[in-house]
Each structure stands twice: as structure tokens, then as C-alpha cells.
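One structure is given here, and the rest of the page talks about it.
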Protein chains: 2
Amino acid sequence: MNLKQLSEMLGLSQTTVSRALNGYPEVNEATRERVLRAVQETGYRPNKAAQRLATGKAGSIGLVMPTAPGHYSDVHFGEFLTGLGEEAVRHDFHFVIMPADPDDEVGALRRLAISGNVDALFVAYMRGHDPRLPLLKSLSMPFLVHGRSYGIEPDYPYLDIDNEGAFYDATRLLLQLGHTRFCLLNGPEHLDFAIRRKKGVVSALAERGLELPENCTSHMSMTDEHGQFAMERFLQLPEPPTAILCSSTVLALGAIRAVTQAGLKLGEDISLIAHDDVLPHLKPENFSVPLTTTRSSLRAAGVRIAERLIGTVKQDGPFPEQELWKTELIVRASTGAAPR
Amino acid sequence: MNLKQLSEMLGLSQTTVSRALNGYPEVNEATRERVLRAVQETGYRPNKAAQRLATGKAGSIGLVMPTAPGHYSDVHFGEFLTGLGEEAVRHDFHFVIMPADPDDEVGALRRLAISGNVDALFVAYMRGHDPRLPLLKSLSMPFLVHGRSYGIEPDYPYLDIDNEGAFYDATRLLLQLGHTRFCLLNGPEHLDFAIRRKKGVVSALAERGLELPENCTSHMSMTDEHGQFAMERFLQLPEPPTAILCSSTVLALGAIRAVTQAGLKLGEDISLIAHDDVLPHLKPENFSVPLTTTRSSLRAAGVRIAERLIGTVKQDGPFPEQELWKTELIVRASTGAAPR
DNA sequence: GTTCGTTGTCAAAGCGCTTTGGAATTTCGG
DNA sequence: CCGAAATTCCAAAGCGCTTTGACAACGAAC
């Protein structure tokens with residue numbers, strides 16, 4: 001069933017039917033109802049490809065999914081996607097996901113953009129001096145980034161959380177509890193959030209005249225294995241840390257295993273604060289020792305990003321160009337006074 | 001830059017350029033090279049929407065992502081998607097993801113199919129008597145399901161793992177170790193895999209004249225919280241179990257917490273076998289007591305499914321209609337002889 | 001020298017929709 | 001009752017691509 005058949009059936013022109021369907025004012029209400037009823041009965045659906053070709057609008061937003069044989073799927077990615085989806089479904093939008101080798105994200109992004117398959121682009125996992133940003137700016141297609149890119153003038157639309165502030169606050173809390181030996185379990189070094197979180201820690205420490213030694217920070221992709229491994233190394237230092245900052249509850253999972261296996265008690269011998277993306281399957285309050293966390297829902301960010309992106313495409317705006325969300329610092333049992 | 005401009009630039013007709021690009025034989029090699037070079041220089045990309053409209057092929061496979069405000073994002077979904085993506089990227093395919101309310105998956109699937117946006121459909125989280133199956137069959141569009149639908153004649157293309165066999169074998173192992181009191185922590189009751197796993201357990205027990213009482217099985221969505229909660233209940237039974245079967249390592253995470261908090265030792269007081277989907281962030285060998293598991297990689301399934309689906313669209317076939325993968329039973333420290 | 005394949009190219013007809021620019025028809029103020 | 005404005009509808013022109021059917025041009029075969 002296509003427009004032509006439908007219009008013939010109704011004895012109307014394609015124009016009128018099309019207008020009736022798309023809510024244009026210049027069509028008689030009675031006619032519109034007749035059309036709508038016929039659509040119901042026949043189950044007619046406009047062909048999206050044709051619609052797209054005619055309007056240039058696709059009703060979809062594009063994103064690149066980094067993937068490769070050795071590449072781990074990231075829990076955070078799935079959670080974020082759910083948030084995007086939750087909002088998209090309300091507007092009858094969908095996503096076009098272009099899987100791409102992590103080494104070719106720029107190329108994949110460009111291909112996605114000029115494929116004509118999407119109205120807007122979304123980009124995450126920002127890095128310092130991210131090479132995708134110049135591309136995006138040159139593309140004349142709406143886009144939104146999750147995070148920011150350290151070292152690049154923030155003159156692009158983004159939504160980010162205050163990573164630096166979060167880890168600054170967390171570090172301050174641990175300092176107030178009397179801790180002086182800190183370690184940081186961070187995400188991959190080149191990622192923007194990792195850079196900023198480290199800055200937060202460093203500047204809080206600096207206020208007390210303390211430093212974060214190189215051998216007390218660890219950059220890695222955020223799996224529990226890596227967390228365990230890094231923590232084990234930290235515990236073997238001549239002066240092991242009493243305070244741990246952790247970029248993810250997933251990393252914390254492994255780190256805590258190392259702590260426990262070393263016979264140490266979390267919240268007594270060692271205090272730990274992790275950043276909590278509110279992953280539904282990994283709640284900090286469910287850890288055997290509930291975790292003190294800096295919290296910001298990844299999923300909520302997804303919802304908001306979809307909202308802005310779709311709004312931009314539909315010209316529902318205006319939206320603020322940039323948003324910086326504060327995180328919450330939630331104290332639970334994994335932090336305590338420094339042992340003496 | 002579009003075809004028309006490109007062909008004018010080259011002094012050729014659109015036909016010839018199109019053919020040169022799509023590898024048709026009736027074009028002079030020299031001409032083809034000229035065209036290819038011009039494409040390089042101009043960065044011309046065919047408009048996908050137009051291509052789709054003309055050919056009817058979209059180069060994409062569609063899937064429905066269940067999502068709603070209260071709906072948990074599922075780790076398994078992300079992992080599976082990564083597998084799909086890994087294969088898709090090799091063929092320059094992409095996914096169209098339609099987010100949908102879990103209550104309206106049938107509707108979403110139909111809309112996706114007739115939107116003309118996809119060449120093939122993929123469906124997962126199969127249920128018993130799944131209502132999507134009749135729809136899919138009536139749709140005259142290639143599809144593939146992950147899992148099967150208990151109660152429906154398996155005359156559709158699927159890829160599944162031998163859930164029943166896996167849990168039969170696992171149960172047998174525990175029986176051989178002398179266990180007699182079993183509990184099953186299963187996924188949601190209506191899901192096909194849950195039905196089959198339960199069957200596996202029940203039939204292994206039946207061979208020894210044992211039964212699986214109703215109050216010793218628990219159906220729930222697979223989060224660690226639920227695992228913990230269910231396990232706590234089991235441990236309060238008048239005759240608590242010594243052998244636990246668990247449909248996911250995520251559930252096991254919670255269950256083990258309950259076991260530990262009850263002061264029991266895993267692998268001594270209680271034996272546990274979980275199904276392992278090979279989630280990269282949750283490796284059974286990294287549990288404080290390494291887990292005995294039935295293993296089958298969700299991601300590998302994703303790769304294979306994409307391979308079959310894309311192959312079907314491209315007519316690269318023939319592929320087997322149905323595949324049933326065996327799982328591996330891997331013994332680690334969480335299973336031991338029944339306490340006496 | 002005519003006929004017949006080949007080979008390389010092209011013009012034009014869609015694919016199913018939106019939208020422009022009118023053309024009928026109705027409404028209404030004066 | 002007339003002309004103008006408002007209302008309702010339509011024919012046709014794209015959107016950018018693929019594909020069909022035809023047509024030169026050129027040897028080879030008779």
C-alpha cells in the first residue's frame with residue numbers, strides 16, 4: 001500500500017492525502033478524518049526512504065559504536081543507550097548505529113554523516129584534543145557530545161558532568177578524614193573525564209601541600225580485572241595508600257577484591273570512593289561494604305541528550321548549548337577516618 | 001556532490017557512472033578507473049535514501065530495543081550488540097534500533113518492518129508461545145531469532161544454545177557430588193531459556209527420583225539484587241539447599257553475597273553452578289571463589305547471527321536454518337562434595 | 001559487402017514521497 | 001450582486017539513485 005493507491009482509493013490526490021497526514025492546515029477537517037480512517041483500515045505506512053529523500057529528514061540520530069574483535073563491550077555504553085532510547089521512543093525517532101573500529105572513529109563518523117541516514121550525530125567517549133570535534137563542526141549537521149574535550153575551546157554543544165568538581169570534593173572528604181596517602185584508579189589516560197578527575201584530585205591535594213605521585217595513579221579501561229590488578233600493585237608499595245579514588249564502580253569491584261584478599265578491611269584500613277554511573281546491576285549500596293560514591297546517572301544523561309538532539313532536529317528549541325551537571329557525593333560505609 | 005554532478009563532471013551519463021561504481025561488467029576498465037579516481041577526489045558518496053528507494057535494499061538490519069522509564073538496561077543486551085556490530089562493520093552494514101516499550105514489542109517490530117528502513121529483522125528475548133513469531137513469518141522479510149519459542153513448532157530460523165542440556169549436565173554433576181537439595185535461580189518465567197533450563201534441572205533430578213519443589217525455584221530479572229534476595233529466602237527454608245543452579249553470573253554475584261553473609265562457605269557448605277554468558281566485566285574465574293559454569297559466549301552468538309542475517313540479505317547463502325550450540329561445563333572451585 | 005555478436009554508452013522511466021504554484025470553489029463585505 | 005479573499009484541492013516537478021531497453025561503433029564471420 002502506498003500513497004498513490006491510498007489516494008486513488010479515496011478519490012483524492014496524493015497532495016491532499018499527504019497534507020492530511022502531515023497536519024497541514026489547508027485541508028478540510030472532514031477530509032482529514034476520512035483519510036485518517038482509511039489509514040487505520042489499510043494499515044498504510046509512508047515509506048521512510050521516500051520520505052527522507054523528499055524531505056531530507058530521516059527521523060533518526062546516528063552514533064558510532066566502537067567495536068572490534070578484541071574490544072570489550074562497555075557496560076556504560078549499554079546503559080547510556082537505554083537512556084537515549086527511552087526518550088527517542090517518545091518521538092518516534094530511532095538510532096542508526098554504525099559499528100566502527102576504534103581506530104577509525106573519525107572515518108566512521110564522516111561516513112555516517114554523509115550517508116544521509118541521520119539527522120544528527122551523537123558522540124561520546126571524548127578524548128583530550130579530540131579529532132572528531134573539528135570534523136563535527138565542519139559538517140553542518142546538528143550534533144551533541146557527551147563530555148568535553150580537554151584542550152579544545154568549548155564552543156560546541158555538550159552535556160557533561162563536573163568530573164573535576166566531583167573528584168575534588170571526594171578528595172577533600174578523604175583529607176578531612178585524615179588521609180594523606182592517596183591512590184587514583186582512573187579510566188584510560190586519553191579520555192577527557194579521566195583527565196579532569198585527576199585534576200580534581202591533584203588540586204584538592206595541592207591545597208594541603210600534598211602530591212599525587214605517578215606510581216599512585218593507574219589508567220586503564222574500566223573492568224573489574226584491571227581494578228583488582230592495579231589495587232594489588234598499590235598495596236605492595238612501600239607506603240601503601242589508605243585512601244582510594246576510583247573512576248567506576250566496576251573498577252571498585254576488582255579493587256575491593258584485592259583489598260579483601262590482602263586481609264584489609266574496607267572503611268577501616270582503607271577508604272574508597274568510587275564514581276557511580278548508577279548502573280542498575282551494580283549498586284553501591286549492595287556491596288558487602290556499601291560504597292561511598294560520587295553519583296550521576298548515565299541513563300539520565302542519555303535521556304537529556306536525546307531530548308536536546310531530537311528537539312534540535314525538530315526545531316523545538318532553543319536549548320542551552322552547554323550543560324554541566326553537578327554530581328552528588330553520597331557517603332556510605334566504605335569511607336572512614338584514616339588509620340593511625 | 002551527487003551522481004548527476006559527478007557524471008557531468010566526467011562527461012559520462014549517470015548510468016555509466018552508477019555501473020562503474022557498482023561493479024557491473026559492461027563498463028570499460030579505463031572508464032571505471034576514471035570514475036573511481038573522481039570519486040576519490042570529490043569525496044562523492046551515494047545518497048543512501050535514494051539508493052534505498054531505488055533498490056529496496058537498505059544495508060541495515062533492524063532490532064527492537066525494549067526500553068521504558070522503569071526498565072533496566074540489560075548487560076546482556078549490550079554484550080550481544082557488540083557481537084552483532086563486530087560482524088556488521090565488516091560488511092558496511094548498520095543497525096536501526098527502534099526503542100520500544102516492552103509491552104509493545106510486536107507493534108514496534110511491525111512498524112520497523114514496514115518502515116522500509118531495514119532489510120532484515122533480529123529478535124531476541126524469546127518467550128514461550130512468542131507472539132512475534134507469527135508476525136515475523138507473515139512479514140516476508142528475512143529474520144533470525146536468538147533463542148527459540150517454547151510451544152511453537154521450530155520451523156523458523158534461529159540460533160540457540162542448548163539450555164536444557166546445559167542445566168541437565170550441571171545438575172548431574174551436582175548429583176554425582178552427592179547433593180540432594182537443589183535450588184534454581186532462574187530468569188523471568190516467561191522467557192524461553194528459563195523454561196528450558198528448568199526442564200534440564202527437573203529431568204536430571206527425576207532420573208534420581210528427586211523433585212524440584214516450587215519453593216526452591218525463583219524467577220526474576222537477572223540483577224544481582226534479585227539474586228541476593230532470592231538466595232536469602234532459600235537459606236531460610238527449613239531444609240536449606242546445598243546445591244544452587246543459577247541462570248546468570250550476575251544473579252550469582254548477589255547469591256554469593258547472601259551465602260557469604262550467612263556465614264557459609266561457597267564450594268564447601270554450598271555448591272553453585274552458574275551460566276556464564278562470557279560477560280567481559282564479570283569473569284567467573286575472578287570471583288573470590290572461582291565459579292563453576294556452563295559457558296557460551298553471547299558475543300560469539302551475536303557475531304554469528306549478524307553473519308547469517310547479512311549473508312541472507314546479500315544472498316550469500318545458503319545458511320543452515322537452525323543452529324543449536326552446545327555449552328561447555330567448566331568446573332572451578334564453587335562446586336564440591338555435598339556436606340554431610 | 002552484408003550480417004551478426006560484442007562492447008561501451010546513454011536517455012528515460014521509475015522508486016514513493018513532499019511541495020510548489022495554480023486552479024476551482026466557496027464565503028463574504030460592501 | 002460583484003469582486004476579492006479565503007478555502008480546498010490538484011497536477012506536476014522534484015529528491016538522487018538504479019535499471020531497462022536501445023543504440024552506436026567495431027570487428028569477426030559468412
Side-chain angles (χ1 to χ4, degrees), chain A residues 1-36 38-39 42-60 92 111 113-119 141 313-315, chain B residues 1-36 38-39 42-60 92 111 113-119 141 313-315:
Chain A
M1 172 63 63
N2 58 25
L3 225 211
K4 190 174 176 187
Q5 293 167 342
L6 185 66
S7 59
E8 278 168 4
M9 205 180 100
L10 285 162
L12 294 170
S13 77
Q14 297 188 36
T15 312
T16 307
V17 177
S18 169
R19 292 205 153 137
L21 258 32
N22 295 321
Y24 280 70
E26 55 267 76
V27 48
N28 195 325
E29 263 319 304
T31 313
R32 192 193 303 277
E33 292 209 352
R34 253 183 74 214
V35 172
L36 258 27
V39 168
T42 60
Y44 163 79
R45 287 272 142 182
N47 177 310
K48 283 269 183 195
Q51 232 166 7
R52 173 172 321 174
L53 189 55
T55 59
K57 295 288 166 206
S60 67
D92 198 24
R111 267 173 290 153
I114 59 189
S115 76
N117 266 325
V118 299
D119 298 326
M141 172 177 287
V313 171
K314 288 190 170 175
Q315 319 232 25
Chain B
M1 172 63 62
N2 59 23
L3 225 210
K4 190 172 176 193
Q5 294 168 338
L6 184 66
S7 59
E8 277 169 4
M9 203 180 100
L10 285 162
L12 293 170
S13 78
Q14 297 188 37
T15 313
T16 306
V17 176
S18 171
R19 292 202 152 139
L21 258 33
N22 295 322
Y24 281 70
E26 56 268 77
V27 47
N28 194 325
E29 262 320 305
T31 311
R32 189 191 305 275
E33 293 210 350
R34 252 182 74 213
V35 172
L36 258 27
V39 168
T42 59
Y44 164 78
R45 288 272 140 182
N47 177 309
K48 283 270 183 196
Q51 233 167 6
R52 173 172 322 172
L53 188 55
T55 59
K57 295 288 166 205
S60 68
D92 198 25
R111 268 172 290 153
I114 59 187
S115 76
N117 267 326
V118 300
D119 299 324
M141 173 177 285
V313 170
K314 287 192 171 175
Q315 320 232 23

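Values in this document were obtained by computation on a predicted structure and should not be read as measured data. Each chain gets a letter, A, B and so on, in the order the sequences are listed, and its residues count up from 1.
- Residues A:G59 and A:D119 approach most closely at N-OD2, 2.6 Å, considering heavy atoms.
- No more than 12 heavy atoms of other residues, nucleotides or ligands lie within 6.0 Å of CZ in A:R45, so this atom counts as exposed by the packing criterion.
- A donor-acceptor contact shorter than 3.5 Å links the side chain of A:N47 to the backbone of A:A49.
- Atom-to-atom, NZ of A:K57 to P of D:dC15 comes out at 17 Å; the value is rounded to the nearest Å.
- Considering only residues two or more places apart in sequence or on other chains, A:R19 meets the side chain to side chain donor-acceptor pair (under 3.5 Å) condition with none of them.
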Check nucleotides 17-20 of chain C against the protein and report each pair of N or O atoms closer than 3.5 Å, with its distance, or say if there are none.
from: C:dC17; atom 1: OP1; to: A:Y44; atom 2: OH; distance (Å): 2.7
from: C:dC17; atom 1: OP1; to: A:N47; atom 2: N; distance (Å): 3.1
from: C:dC17; atom 1: OP2; to: A:L3; atom 2: N; distance (Å): 2.3
from: C:dT18; atom 1: OP1; to: A:N22; atom 2: ND2; distance (Å): 3.0
from: C:dT18; atom 1: OP1; to: A:Q51; atom 2: NE2; distance (Å): 3.2
from: C:dT18; atom 1: OP2; to: A:S18; atom 2: OG; distance (Å): 2.7
from: C:dT19; atom 1: OP2; to: A:Y24; atom 2: OH; distance (Å): 2.6
from: C:dT19; atom 1: O4; to: A:T15; atom 2: OG1; distance (Å): 3.1

Taking Watson-Crick and G-U wobble pairs with both distances under 3.5 Å, convert DNA chain D into its dot-bracket string, 5' to 3', dots for unpaired and | for cross-strand pairs.
||||||||||||||||||||||||||||||
Full working for side chain to side chain contact (heavy atoms under 4.5 Å, CB included) between B:M9 and B:T42
CA-CA 10 Å; B:M9 203 180 100; B:T42 59; 3.7 Å; yes
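- Shortest non-hydrogen contact noted between B:A50 and A:L53 is CB-CD1, 3.7 Å.
- When rounded to the nearest whole Å, the span between CZ of B:R32 and C1' of C:dT9 equals 14 Å.
- When the P atom of D:dG14 is taken as reference, atom CG of B:L53 falls 17 Å away, rounded to whole Å.
- Atom-to-atom, CG of A:L12 to C1' of C:dA24 comes out at 15 Å; the value is rounded to the nearest Å.
- Atom CD in A:E8 sits roughly 11 Å away from atom P in D:dA11 (whole-Å rounding).
- A side-chain donor-acceptor contact under 3.5 Å links A:R52 and B:N117.
- Although no hydrogens or angles enter the test, the distance criterion places a donor-acceptor pair under 3.5 Å between the side chain of B:Q5 and the main chain of B:N2.
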